[in-house]
Amino acid sequence: MLVKYELLKECSDTKARLGKLHTNRGVINTPIFMPVGTQATVKTMTPEELKEINAEIILSNTYHLFLRPGHGLIEKAGGLHKFMNWDRPILTDSGGFQVFSLGKLRKLSEEGATFNSHIDGSKQELTPEKAVEIQNALDSDIAMVLDECPPYPASREYVQNSLQRTTRWAKRCIEANKNPNQSLFGIVQGGMYRDLREESAKELLELDFPGYAIGGLSVGETKELMYEVLEYTVPLLPKDKPRYLMGVGSPDALFEGVEKGIDMFDCVHPTRIGRNGTAMTTFGTVNIKNAKYKEDFDPLDLECSCYTCKNYTKAYLRHLFKASEILGLRLMTYHNVHFLINTMKNIRESLTEDRFLAYKKEFFEKYDRT
RNA sequence: GUGGGUGUAGUCAAGGGGUUAAGACACAGGAUUGUGAUUCCUGCAUGCGUGGGUUCAAAUCCCAUCACCCACC
(Lines give C-alpha, C1' and ligand atoms only; values in the text may rest on other atoms or scores of the structure.)
Protein backbone atom coordinates (compact mmCIF):
# COMPACT_ATOMS: atom_id res chain seq x y z
CA MET A 1 0.00 0.00 0.00
CA LEU A 2 0.97 3.64 -0.28
CA VAL A 3 1.68 5.91 2.64
CA LYS A 4 -1.36 7.47 4.23
CA TYR A 5 -1.42 10.70 6.18
CA GLU A 6 -3.63 10.93 9.24
CA LEU A 7 -4.26 14.44 10.56
CA LEU A 8 -4.57 14.34 14.33
CA LYS A 9 -4.71 17.94 15.36
CA GLU A 10 -4.30 21.45 14.05
CA CYS A 11 -2.68 24.28 15.97
CA SER A 12 -5.19 26.96 16.89
CA ASP A 13 -2.69 29.81 16.41
CA THR A 14 -0.70 28.74 13.35
CA LYS A 15 -0.85 26.40 10.38
CA ALA A 16 1.10 23.77 12.32
CA ARG A 17 -0.37 20.30 12.42
CA LEU A 18 0.12 17.07 14.27
CA GLY A 19 -0.25 13.82 12.40
CA LYS A 20 0.78 10.28 11.65
CA LEU A 21 2.11 8.90 8.43
CA HIS A 22 1.23 5.25 7.97
CA THR A 23 3.74 3.25 5.97
CA ASN A 24 4.35 -0.40 5.23
CA ARG A 25 7.19 -0.35 7.71
CA GLY A 26 5.46 1.39 10.57
CA VAL A 27 3.96 4.67 11.63
CA ILE A 28 5.86 7.95 11.55
CA ASN A 29 4.85 10.75 13.90
CA THR A 30 4.76 14.14 12.26
CA PRO A 31 6.11 16.77 12.21
CA ILE A 32 9.32 14.80 11.91
CA PHE A 33 13.00 15.30 11.27
CA MET A 34 14.61 12.68 9.03
CA PRO A 35 18.37 12.14 9.41
CA VAL A 36 20.24 11.84 6.13
CA GLY A 37 22.17 8.70 5.23
CA THR A 38 23.17 9.43 1.67
CA GLN A 39 25.33 6.40 1.04
CA ALA A 40 23.18 3.87 2.89
CA THR A 41 24.53 5.04 6.23
CA VAL A 42 23.87 7.98 8.49
CA LYS A 43 27.52 8.86 8.73
CA THR A 44 29.15 7.49 11.89
CA MET A 45 25.92 6.02 13.30
CA THR A 46 24.75 2.42 13.49
CA PRO A 47 21.07 1.58 13.00
CA GLU A 48 20.93 0.53 16.64
CA GLU A 49 22.08 3.97 17.70
CA LEU A 50 19.54 5.61 15.44
CA LYS A 51 16.81 3.55 17.07
CA GLU A 52 18.15 4.47 20.51
CA ILE A 53 17.49 8.12 19.75
CA ASN A 54 14.12 7.31 18.15
CA ALA A 55 14.86 8.01 14.51
CA GLU A 56 11.68 6.87 12.78
CA ILE A 57 12.72 7.27 9.15
CA ILE A 58 15.97 8.08 7.38
CA LEU A 59 16.95 9.31 3.95
CA SER A 60 19.18 7.79 1.37
CA ASN A 61 20.18 8.87 -2.08
CA THR A 62 19.49 7.54 -5.55
CA TYR A 63 22.33 9.31 -7.28
CA HIS A 64 24.99 8.17 -4.85
CA LEU A 65 23.82 4.56 -4.57
CA PHE A 66 23.43 4.32 -8.33
CA LEU A 67 27.08 5.26 -8.83
CA ARG A 68 28.26 3.16 -5.91
CA PRO A 69 27.68 0.33 -5.20
CA GLY A 70 24.99 0.26 -7.93
CA HIS A 71 21.29 -0.41 -7.44
CA GLY A 72 21.66 -3.85 -9.00
CA LEU A 73 23.92 -4.91 -6.20
CA ILE A 74 21.55 -3.58 -3.57
CA GLU A 75 18.67 -5.37 -5.22
CA LYS A 76 20.69 -8.59 -5.08
CA ALA A 77 21.33 -7.93 -1.40
CA GLY A 78 17.60 -7.98 -0.87
CA GLY A 79 16.89 -4.28 -1.02
CA LEU A 80 18.25 -1.27 0.76
CA HIS A 81 16.70 -2.06 4.15
CA LYS A 82 18.32 -5.44 4.33
CA PHE A 83 21.56 -4.19 2.81
CA MET A 84 22.04 -1.55 5.51
CA ASN A 85 20.27 -3.35 8.35
CA TRP A 86 17.54 -0.74 8.82
CA ASP A 87 13.98 -2.04 9.05
CA ARG A 88 12.18 1.25 9.55
CA PRO A 89 11.03 3.47 6.67
CA ILE A 90 13.49 4.94 4.19
CA LEU A 91 12.95 7.87 1.89
CA THR A 92 15.22 8.09 -1.13
CA ASP A 93 15.99 11.36 -2.80
CA SER A 94 15.95 11.10 -6.57
CA GLY A 95 19.23 12.73 -7.42
CA GLY A 96 17.51 15.94 -8.42
CA PHE A 97 19.50 17.90 -5.92
CA GLN A 98 22.73 16.40 -7.21
CA VAL A 99 21.77 17.58 -10.69
CA PHE A 100 21.78 21.03 -9.14
CA SER A 101 24.78 20.72 -6.82
CA LEU A 102 27.03 19.01 -9.34
CA GLY A 103 27.09 22.26 -11.25
CA LYS A 104 29.59 22.13 -14.05
CA LEU A 105 29.71 18.37 -14.26
CA ARG A 106 26.25 18.12 -15.77
CA LYS A 107 24.17 18.88 -18.79
CA LEU A 108 20.39 19.09 -18.74
CA SER A 109 18.02 18.25 -21.52
CA GLU A 110 14.38 17.32 -21.88
CA GLU A 111 15.39 13.69 -21.71
CA GLY A 112 17.22 14.00 -18.40
CA ALA A 113 20.55 14.92 -16.93
CA THR A 114 23.90 13.74 -18.21
CA PHE A 115 26.88 14.18 -15.98
CA ASN A 116 30.30 12.89 -15.19
CA SER A 117 30.56 10.72 -12.12
CA HIS A 118 32.30 12.50 -9.27
CA ILE A 119 33.89 9.15 -8.45
CA ASP A 120 35.60 8.11 -11.66
CA GLY A 121 34.59 10.75 -14.21
CA SER A 122 32.60 8.29 -16.28
CA LYS A 123 29.69 9.65 -18.29
CA GLN A 124 26.34 8.86 -16.72
CA GLU A 125 22.74 9.62 -17.48
CA LEU A 126 19.88 10.11 -15.08
CA THR A 127 16.42 10.31 -16.59
CA PRO A 128 13.09 10.31 -14.78
CA GLU A 129 12.63 6.68 -15.78
CA LYS A 130 16.09 5.77 -14.58
CA ALA A 131 15.61 7.55 -11.24
CA VAL A 132 12.42 5.56 -10.67
CA GLU A 133 13.98 2.30 -11.81
CA ILE A 134 16.81 2.77 -9.34
CA GLN A 135 14.48 3.63 -6.49
CA ASN A 136 12.24 0.68 -7.35
CA ALA A 137 15.28 -1.54 -7.06
CA LEU A 138 16.32 0.04 -3.77
CA ASP A 139 12.78 -0.59 -2.55
CA SER A 140 12.64 2.51 -0.39
CA ASP A 141 9.28 3.32 1.21
CA ILE A 142 9.10 6.80 -0.20
CA ALA A 143 10.67 7.73 -3.51
CA MET A 144 11.06 11.18 -4.97
CA VAL A 145 10.47 12.23 -8.54
CA LEU A 146 13.47 13.47 -10.49
CA ASP A 147 13.29 17.23 -10.45
CA GLU A 148 15.47 20.16 -11.26
CA CYS A 149 16.37 22.35 -8.32
CA PRO A 150 17.06 25.73 -9.90
CA PRO A 151 19.84 27.81 -8.42
CA TYR A 152 19.28 31.04 -6.56
CA PRO A 153 19.07 33.64 -7.83
CA ALA A 154 17.45 32.54 -11.11
CA SER A 155 15.38 34.51 -13.55
CA ARG A 156 11.63 34.07 -13.73
CA GLU A 157 11.92 32.72 -17.22
CA TYR A 158 14.50 30.15 -16.20
CA VAL A 159 12.51 29.02 -13.17
CA GLN A 160 9.31 28.74 -15.19
CA ASN A 161 10.90 26.61 -17.89
CA SER A 162 12.55 24.54 -15.22
CA LEU A 163 9.40 23.87 -13.22
CA GLN A 164 7.45 22.96 -16.35
CA ARG A 165 10.09 20.43 -17.24
CA THR A 166 10.04 19.14 -13.67
CA THR A 167 6.29 18.61 -14.06
CA ARG A 168 6.76 16.71 -17.33
CA TRP A 169 9.43 14.62 -15.61
CA ALA A 170 7.02 13.98 -12.73
CA LYS A 171 4.51 12.47 -15.17
CA ARG A 172 7.19 10.28 -16.66
CA CYS A 173 8.18 9.13 -13.17
CA ILE A 174 4.62 8.05 -12.43
CA GLU A 175 4.42 6.12 -15.67
CA ALA A 176 7.73 4.43 -15.03
CA ASN A 177 6.92 3.39 -11.48
CA LYS A 178 6.54 -0.38 -11.17
CA ASN A 179 6.66 -0.75 -7.41
CA PRO A 180 3.12 -0.63 -5.98
CA ASN A 181 4.40 -0.51 -2.41
CA GLN A 182 6.58 2.50 -2.99
CA SER A 183 5.08 5.96 -2.52
CA LEU A 184 6.31 8.43 -5.09
CA PHE A 185 6.25 12.04 -3.94
CA GLY A 186 5.97 15.06 -6.23
CA ILE A 187 8.17 18.11 -5.77
CA VAL A 188 6.81 21.63 -6.05
CA GLN A 189 9.27 24.04 -7.61
CA GLY A 190 8.89 27.65 -8.72
CA GLY A 191 11.77 29.38 -6.99
CA MET A 192 10.90 32.57 -5.18
CA TYR A 193 8.02 33.43 -7.53
CA ARG A 194 4.57 33.10 -6.04
CA ASP A 195 2.66 32.55 -9.26
CA LEU A 196 5.18 29.93 -10.36
CA ARG A 197 4.80 28.05 -7.09
CA GLU A 198 1.05 28.14 -7.72
CA GLU A 199 1.50 26.90 -11.26
CA SER A 200 3.77 24.07 -10.13
CA ALA A 201 1.47 23.01 -7.28
CA LYS A 202 -1.63 23.10 -9.43
CA GLU A 203 -0.14 20.86 -12.10
CA LEU A 204 1.36 18.42 -9.64
CA LEU A 205 -1.86 18.16 -7.65
CA GLU A 206 -3.59 16.90 -10.76
CA LEU A 207 -1.19 13.98 -10.75
CA ASP A 208 -2.43 12.98 -7.30
CA PHE A 209 0.82 12.03 -5.58
CA PRO A 210 0.58 10.38 -2.15
CA GLY A 211 2.76 13.16 -0.75
CA TYR A 212 4.23 16.50 -1.78
CA ALA A 213 7.60 18.06 -1.23
CA ILE A 214 8.64 21.66 -1.52
CA GLY A 215 11.96 21.86 -3.29
CA GLY A 216 14.23 24.65 -4.40
CA LEU A 217 14.52 26.24 -0.98
CA SER A 218 17.54 26.71 1.28
CA VAL A 219 19.70 27.12 -1.78
CA GLY A 220 21.24 30.44 -0.79
CA GLU A 221 18.25 32.73 -0.35
CA THR A 222 17.68 34.50 2.96
CA LYS A 223 15.66 32.76 5.61
CA GLU A 224 13.10 35.53 5.53
CA LEU A 225 12.57 34.88 1.84
CA MET A 226 12.29 31.14 2.42
CA TYR A 227 9.65 31.70 5.12
CA GLU A 228 7.77 34.01 2.78
CA VAL A 229 7.73 31.34 0.05
CA LEU A 230 6.56 28.74 2.58
CA GLU A 231 3.83 31.05 3.79
CA TYR A 232 2.12 31.02 0.41
CA THR A 233 3.26 27.64 -0.91
CA VAL A 234 2.23 25.26 1.88
CA PRO A 235 -1.47 26.21 1.70
CA LEU A 236 -1.43 25.16 -1.96
CA LEU A 237 -0.89 21.55 -0.89
CA PRO A 238 -3.69 19.12 0.02
CA LYS A 239 -4.52 18.72 3.67
CA ASP A 240 -4.80 14.97 3.51
CA LYS A 241 -1.27 14.41 2.21
CA PRO A 242 2.11 14.77 3.91
CA ARG A 243 4.14 17.88 3.14
CA TYR A 244 7.87 17.62 3.03
CA LEU A 245 10.28 20.54 3.07
CA MET A 246 13.49 19.33 1.48
CA GLY A 247 16.90 20.13 2.84
CA VAL A 248 15.98 22.14 5.89
CA GLY A 249 17.28 21.40 9.34
CA SER A 250 18.46 24.35 11.41
CA PRO A 251 16.33 24.75 14.54
CA ASP A 252 14.86 28.11 13.57
CA ALA A 253 13.87 26.84 10.14
CA LEU A 254 12.29 23.72 11.65
CA PHE A 255 10.08 25.80 13.93
CA GLU A 256 9.15 28.14 11.07
CA GLY A 257 8.45 25.21 8.78
CA VAL A 258 6.22 23.49 11.31
CA GLU A 259 4.44 26.79 11.92
CA LYS A 260 3.71 27.06 8.22
CA GLY A 261 2.32 23.53 8.04
CA ILE A 262 5.25 21.30 7.07
CA ASP A 263 5.22 17.68 8.26
CA MET A 264 8.59 16.32 7.18
CA PHE A 265 12.12 17.72 7.10
CA ASP A 266 15.48 16.29 6.18
CA CYS A 267 18.88 17.84 6.41
CA VAL A 268 22.55 16.98 6.55
CA HIS A 269 23.02 19.86 8.94
CA PRO A 270 23.21 17.99 12.28
CA THR A 271 25.51 15.28 10.99
CA ARG A 272 27.72 17.57 8.95
CA ILE A 273 28.27 20.25 11.56
CA GLY A 274 28.72 17.54 14.16
CA ARG A 275 31.56 16.02 12.18
CA ASN A 276 33.09 19.44 11.86
CA GLY A 277 32.95 20.16 15.55
CA THR A 278 29.75 22.12 16.10
CA ALA A 279 27.00 20.98 18.42
CA MET A 280 23.47 22.30 18.67
CA THR A 281 22.45 22.57 22.30
CA THR A 282 19.59 23.93 24.38
CA PHE A 283 21.66 27.09 24.81
CA GLY A 284 22.76 27.52 21.22
CA THR A 285 25.65 26.20 19.19
CA VAL A 286 28.93 25.05 20.69
CA ASN A 287 32.08 24.90 18.59
CA ILE A 288 33.85 22.21 20.54
CA LYS A 289 37.25 23.09 19.08
CA ASN A 290 37.29 26.50 20.76
CA ALA A 291 40.06 27.01 23.32
CA LYS A 292 37.55 28.06 25.97
CA TYR A 293 36.41 24.43 26.31
CA LYS A 294 39.89 23.10 27.04
CA GLU A 295 39.15 22.65 30.74
CA ASP A 296 35.37 22.61 30.61
CA PHE A 297 34.29 19.45 32.38
CA ASP A 298 30.57 19.95 31.85
CA PRO A 299 28.65 18.05 29.16
CA LEU A 300 27.84 19.67 25.82
CA ASP A 301 24.32 20.40 26.97
CA LEU A 302 23.40 20.38 30.65
CA GLU A 303 19.76 19.76 29.79
CA CYS A 304 20.39 16.91 27.36
CA SER A 305 19.90 13.26 28.24
CA CYS A 306 21.65 11.69 25.27
CA TYR A 307 24.47 9.17 25.58
CA THR A 308 27.10 11.76 24.73
CA CYS A 309 25.90 14.26 27.30
CA LYS A 310 25.38 11.67 30.00
CA ASN A 311 28.93 10.34 29.72
CA TYR A 312 31.37 12.85 28.26
CA THR A 313 32.67 16.34 28.97
CA LYS A 314 33.37 19.18 26.57
CA ALA A 315 37.05 18.96 27.49
CA TYR A 316 37.11 15.32 26.40
CA LEU A 317 35.19 15.99 23.19
CA ARG A 318 37.54 18.87 22.40
CA HIS A 319 40.49 16.60 22.96
CA LEU A 320 39.03 14.02 20.57
CA PHE A 321 38.62 16.67 17.87
CA LYS A 322 42.06 18.18 18.39
CA ALA A 323 43.54 14.71 18.18
CA SER A 324 41.42 13.80 15.13
CA GLU A 325 39.98 10.82 16.91
CA ILE A 326 37.00 9.20 15.18
CA LEU A 327 34.99 8.85 18.37
CA GLY A 328 34.65 12.64 18.46
CA LEU A 329 32.76 12.61 15.16
CA ARG A 330 30.49 9.87 16.44
CA LEU A 331 29.67 11.45 19.78
CA MET A 332 28.96 14.86 18.25
CA THR A 333 26.83 13.38 15.46
CA TYR A 334 24.91 11.31 17.99
CA HIS A 335 24.18 14.36 20.10
CA ASN A 336 23.14 16.58 17.19
CA VAL A 337 20.77 14.05 15.65
CA HIS A 338 19.31 13.35 19.06
CA PHE A 339 18.91 17.08 19.63
CA LEU A 340 16.83 17.62 16.48
CA ILE A 341 14.77 14.47 16.91
CA ASN A 342 14.10 15.39 20.51
CA THR A 343 13.22 18.95 19.59
CA MET A 344 10.70 17.65 17.06
CA LYS A 345 9.27 15.38 19.72
CA ASN A 346 8.87 18.38 22.00
CA ILE A 347 7.20 20.25 19.17
CA ARG A 348 4.74 17.39 18.70
CA GLU A 349 3.99 17.38 22.41
CA SER A 350 3.40 21.11 22.33
CA LEU A 351 0.98 20.58 19.43
CA THR A 352 -0.81 17.87 21.36
CA GLU A 353 -1.29 20.32 24.18
CA ASP A 354 -1.94 23.17 21.78
CA ARG A 355 0.86 25.37 23.09
CA PHE A 356 3.14 25.39 20.07
CA LEU A 357 3.87 29.11 20.07
CA ALA A 358 4.59 29.07 23.79
CA TYR A 359 7.06 26.25 23.29
CA LYS A 360 8.67 28.05 20.37
CA LYS A 361 9.14 31.15 22.53
CA GLU A 362 10.52 29.07 25.37
CA PHE A 363 12.95 27.33 23.02
CA PHE A 364 14.41 30.49 21.55
CA GLU A 365 14.71 32.23 24.89
CA LYS A 366 17.50 29.75 25.52
CA TYR A 367 18.65 28.98 22.01
CA ASP A 368 19.96 32.36 20.94
CA ARG A 369 21.78 31.35 17.79
CA THR A 370 20.72 29.45 14.72
C1' G B 1 91.50 20.24 20.48
C1' U B 2 91.19 19.94 14.73
C1' G B 3 88.15 19.90 10.32
C1' G B 4 83.28 20.27 8.23
C1' G B 5 78.07 21.46 8.51
C1' U B 6 73.62 23.87 10.40
C1' G B 7 71.17 28.02 13.01
C1' U B 8 64.56 31.86 9.60
C1' A B 9 57.39 31.47 13.96
C1' G B 10 55.59 26.33 18.66
C1' U B 11 57.50 22.50 14.53
C1' C B 12 59.40 21.46 9.42
C1' A B 13 61.23 24.74 6.20
C1' A B 14 61.83 28.39 1.01
C1' G B 15 64.63 32.48 0.07
C1' G B 16 72.23 32.94 -1.42
C1' G B 17 72.54 41.70 -1.61
C1' G B 18 67.06 45.35 -3.61
C1' U B 19 59.40 46.58 -2.84
C1' U B 20 55.27 44.91 2.80
C1' A B 21 60.34 37.27 4.55
C1' A B 22 57.13 31.57 0.27
C1' G B 23 54.72 27.24 1.84
C1' A B 24 53.21 23.23 5.23
C1' C B 25 51.86 21.58 10.10
C1' A B 26 50.36 23.44 14.76
C1' C B 27 47.58 27.25 17.06
C1' A B 28 43.22 30.93 17.14
C1' G B 29 38.42 32.20 15.06
C1' G B 30 34.46 31.52 11.45
C1' A B 31 31.44 28.72 7.83
C1' U B 32 28.45 24.40 6.77
C1' U B 33 20.73 23.33 5.16
C1' G B 34 17.25 17.01 -0.75
C1' U B 35 26.12 15.15 2.54
C1' G B 36 32.35 16.51 1.42
C1' A B 37 33.94 11.71 7.26
C1' U B 38 38.97 13.45 7.57
C1' U B 39 36.03 20.16 3.81
C1' C B 40 36.17 25.47 3.01
C1' C B 41 37.41 30.67 4.60
C1' U B 42 40.18 34.11 7.76
C1' G B 43 44.15 35.28 11.20
C1' C B 44 49.10 34.16 12.89
C1' A B 45 57.69 36.53 12.10
C1' U B 46 58.53 45.24 12.36
C1' G B 47 61.78 40.09 12.05
C1' C B 48 65.96 35.48 9.98
C1' G B 49 71.12 32.50 17.00
C1' U B 50 74.04 36.94 19.22
C1' G B 51 77.41 41.25 18.54
C1' G B 52 80.03 44.11 15.20
C1' G B 53 81.34 45.51 10.11
C1' U B 54 80.93 46.36 4.49
C1' U B 55 77.02 48.73 1.45
C1' C B 56 72.52 53.68 -0.82
C1' A B 57 70.44 48.76 0.67
C1' A B 58 72.06 42.58 4.64
C1' A B 59 68.00 36.84 6.43
C1' U B 60 71.50 36.99 2.20
C1' C B 61 78.56 39.29 2.04
C1' C B 62 82.76 39.74 5.96
C1' C B 63 84.66 39.23 11.16
C1' A B 64 83.87 37.62 16.01
C1' U B 65 81.01 34.88 19.27
C1' C B 66 77.38 31.22 21.09
C1' A B 67 74.52 26.68 20.37
C1' C B 68 73.69 22.08 18.08
C1' C B 69 75.20 18.02 14.59
C1' C B 70 78.99 14.91 12.04
C1' A B 71 83.95 13.17 11.48
C1' C B 72 88.87 12.82 13.37
C1' C B 73 92.05 13.19 17.69
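Residue numbers begin at 1 in each chain, while the letters A, B, ... track the order of the sequences.
Interface remark: the A/K223 side chain does form a donor-acceptor pair with the B/rU33 base, using a distance-only criterion of under 3.5 Å.
If you check every strand for non-hydrogen atoms under 4.0 Å, A/D266 touches sugar and phosphate atoms only. Base engagement by A/T271 is indicated by at least one non-hydrogen atom pair under 4.0 Å involving a base atom. Base contact: A/G216 has a heavy atom under 4.0 Å from a base atom. Residue contacts shown for A/T44 are absent, as no nucleic acid heavy atom lies under 4.0 Å away.
Rounded to the nearest Å, the gap between the C1' atom of B/rA26 and that of B/rC44 is 11 Å. Only the C1' atoms considered, B/rA58 is 16 Å distant from B/rU50, to the nearest whole Å. Between the C1' atoms of B/rG29 and B/rG34, the separation comes to 30 Å (whole Å). Separation of the C1' atoms belonging to B/rA31 and B/rC69 is 46 Å when rounded to the nearest angstrom. Atom P of B/rU60 sits at a distance of 14 Å from the matching atom of B/rU19, rounded to the whole Å. Rounded to a whole angstrom, the distance from the P atom of B/rA13 to that of B/rU6 is 13 Å. Across the C1' atoms, B/rG52 and B/rC12 are found 31 Å apart, a figure rounded to whole Å. Separating the P atom of B/rU46 from that of B/rA37 is a span of 40 Å, rounded to the nearest Å.
Regarding contacts with the backbone of B/rU35, every side-chain N or O of A/K43 stays at 4.0 angstrom or more from both OP1 and OP2.
Glycosidic conformation at B/rG36 (O4'-C1'-N9-C4 for purines, O4'-C1'-N1-C2 for pyrimidines): syn, within 90° of 0. Classified by its glycosidic torsion, B/rG15 falls in the anti category, the angle being over 90° from 0.
Results of the ring pair (Phe, Tyr, Trp, His ring centres under 6.0 Å) test with A/F255 over A/F33, A/Y367, A/F363 single out A/F363 as the only residue that passes. Of the residues listed (A/Q189, A/Q160, A/R194), the one engaging A/E199 in a side chain to side chain donor-acceptor pair (under 3.5 Å) is A/Q160, and it is the only one.
A/L163 and A/I187 fall into different hydrophobic clusters, where Ile, Leu, Val, Met, Phe, Trp and Tyr are joined by side-chain heavy atoms under 4.5 Å apart, directly or via other members. Hydrophobic clustering (ILVMFWY, side-chain heavy atoms < 4.5 Å, transitive): A/L237 and A/I28 are in one cluster. Hydrophobic cluster membership is shared by A/L327 and A/V286, with clusters built from Ile, Leu, Val, Met, Phe, Trp and Tyr side chains linked at under 4.5 angstrom. Side-chain heavy atoms closer than 4.5 Å link hydrophobic residues (I, L, V, M, F, W, Y) into clusters, and following such links, possibly through other members, connects A/F364 to A/V258.
For the residue pair A/D263/A/Y244, the side-chain donor-acceptor check at 3.5 Å is not satisfied. A donor atom on one side chain and an acceptor atom on the other are found under 3.5 Å apart for A/N29 and A/K20.
Toward the 5' end of RNA chain B, the nearer of the two residues A/L329 and A/C267, judged by each one's closest nucleotide, is A/C267. Along RNA chain B, the nucleotide nearest to A/N287 and the one nearest to A/V268 differ in position, and the one closer to the 5' end is contacted by A/N287.
A/M246 is listed as a side-chain neighbour of A/D93, based on a closest heavy-atom distance under 4.5 Å. Contact of the A/Y312 side chain with the A/H335 side chain is not registered, since no non-hydrogen atoms from C-beta on lie closer than 4.5 Å.
Nearest heavy-atom pair across A/Q135 and A/Q182 is O-NE2, 2.8 Å.
Put simply, CG on A/N290 is 9 Å from C1' on B/rG30, counting in whole angstrom units. To the nearest angstrom, P of B/rU32 lies 15 Å from CZ of A/R275. Distance A/R272 CZ to B/rU32 C1': 6 Å, rounded to the nearest Å. Residue A/Q39 contributes atom CD, which lies 6 Å from atom P of B/rA37 at whole-angstrom precision. Between the NE2 atom of A/H118 and the C1' atom of B/rU39 there is a distance of 14 Å, rounded to whole Å. Atom P of nucleotide B/rU33 and atom CG of A/D252 are separated by 14 Å, given to the nearest angstrom. The distance between atom CG of A/N276 and atom P of B/rU39, rounded to the nearest whole Å, is 9 Å. Between A/N336 atom CG and B/rU35 atom P there is a gap of 18 Å when expressed in whole angstrom units.
Ring-centre distance between A/F97 and A/F100: below the 6.0 Å cut-off.
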key: ring-ring contact (aromatic ring centres under 6.0 Å, His included) assessment of A/Y212 paired with A/F209   = CA-CA 7 Å; A/Y212 288 91; A/F209 286 99; 5.8 Å; yes
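Residues that satisfy the salt bridge (charged side-chain N to carboxylate O under 4.0 Å, His left out) test with A/K43, not counting sequence neighbours, are absent from this structure.
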Annotated structure of RNA chain B as dot-bracket, pair cut-off 3.5 Å, Watson-Crick or G-U only, | for inter-strand, is ((((((((.[[[..)..(....]]].(((((.......))))).....[[[[[..)....]]]]]))))))).
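Note on residues 143-166 of chain A: no pairs pass ring pair (Phe, Tyr, Trp, His ring centres under 6.0 Å), not counting sequence neighbours.
Of the candidates B/rU32, B/rG29, B/rG34, B/rU32 carries the atom nearest the A/T278 side chain, counting heavy atoms from C-beta on. Distances from the side chain of A/S218 to the nucleotides B/rG34, B/rU33, B/rG29 place B/rU33 closest. With B/rG36, B/rG34, B/rG30 as the candidates, the nucleotide lying closest to the side chain of A/I187 is B/rG34.
For the segment residues 31-38 of chain A, the set of residues with a heavy atom within less than 4.0 Å of an atom of RNA chain B comprises A/V36, A/T38, in numerical order. For the segment residues 316-326 of chain A, residues with any heavy atom less than 4.0 angstrom from an atom of RNA chain B are, sorted by number, A/R318, A/K322. Near RNA chain B, meaning a heavy atom under 4.0 Å from it, residues 128-150 of chain A has A/D147, A/C149 in order of number.
The local environment of CZ in A/R330 is sparse, with at most 12 non-hydrogen atoms from other residues, nucleotides or ligands closer than 6.0 Å.
The aromatic rings of A/F66 and A/H71 lie tilted to each other, with the angle between the two planes from 30° to 60°.
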